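Taking it in order: structure first as structure tokens, then the write-up.
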Amino acid sequence: MSVVLRMKKFGTKKKPYFRIVAITKSKKRDGEPVEELGHYDPKKVTDKVKINKERIEYWLSAGAIPSSTVKSILKKQGIK
């Protein structure tokens, strides 16, 4: 089972909202995740990102691969 950290899209047209999830690589973008780890709201001015650092660090140590977008979000939050 290959797990990746990526974003799951919610919201409406022109009002996107994303959840950061741990999901099996073969699942679709909006498929059933293994675990939800946080959320990202690109339209919000402050507090755009809320994440569970302990669980993200756990998944990274377990071998989960973050997508390029999630990797840049984690880098801005101070997580490798």
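For clarity, every value in this text was computed on a predicted model and none was experimentally measured. Computed over heavy atoms, backbone and side chain alike; hydrogens, waters and symmetry mates excluded.
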K9 (side chain) donor-acceptor with Y17 (main chain) under 3.5 angstrom: no
Reference residue V70; test side chain to side chain contact (heavy atoms under 4.5 Å, CB included); the match among I20, V4, I65: I20
Enclosure of K48 NZ (heavy-atom neighbours >12, cutoff 6.0 Å): yes
Distance (rounded to the nearest 0.5 Å) between T12 OG1 and K14 NZ: 10.5 Å
Approximate separation, where rounding is to 0.5 Å, of D41 CG and T46 OG1: 10.0 Å
Single-linkage hydrophobic cluster, 4.5 Å side-chain cutoff, I73 and F18 together: yes
K43 side chain reached by K15 side chain, heavy atoms, under 4.5 Å: no
Check against side chain to side chain contact (heavy atoms under 4.5 Å, CB included), F10 and H39: CA-CA 10 Å; F10 288 91; H39 60 83; over 6 Å; no
Shortest non-hydrogen contact from A22 toward V3: CB-CG1, 4.0 Å
Any T24 side-chain heavy atom under 4.5 Å of V34 side chain: yes
Nearest heavy-atom neighbours spanning L37 and R55: CD2-CB, 3.7 Å
Spacing of I23 atom CD1 and S2 atom OG [to the nearest 0.5 Å]: 11.5 Å
Side-chain heavy-atom pair T69, M7 within 4.5 angstrom cut-off: yes
Interatomic spacing from CD in E36 to CD1 in I51 - rounded to 0.5 Å: 14.5 Å
Non-hydrogen atoms of Q77 and K53 that approach each other most closely: O-NZ, 3.8 Å
Heavy-atom pair of closest approach, residues P16 and P42: O-CD, 3.7 Å
Shortest non-hydrogen separation from R6 to K28 and the atoms involved: NH2-O, 3.1 Å
Nearest heavy-atom neighbours spanning P66 and A64: CD-O, 3.7 Å
Interatomic spacing from CD1 in I79 to CG in L60 - rounded to 0.5 Å: 7.5 Å
R19 NZ/CZ over Y40 ring centroid, <6.0 Å and within 45° of normal: no
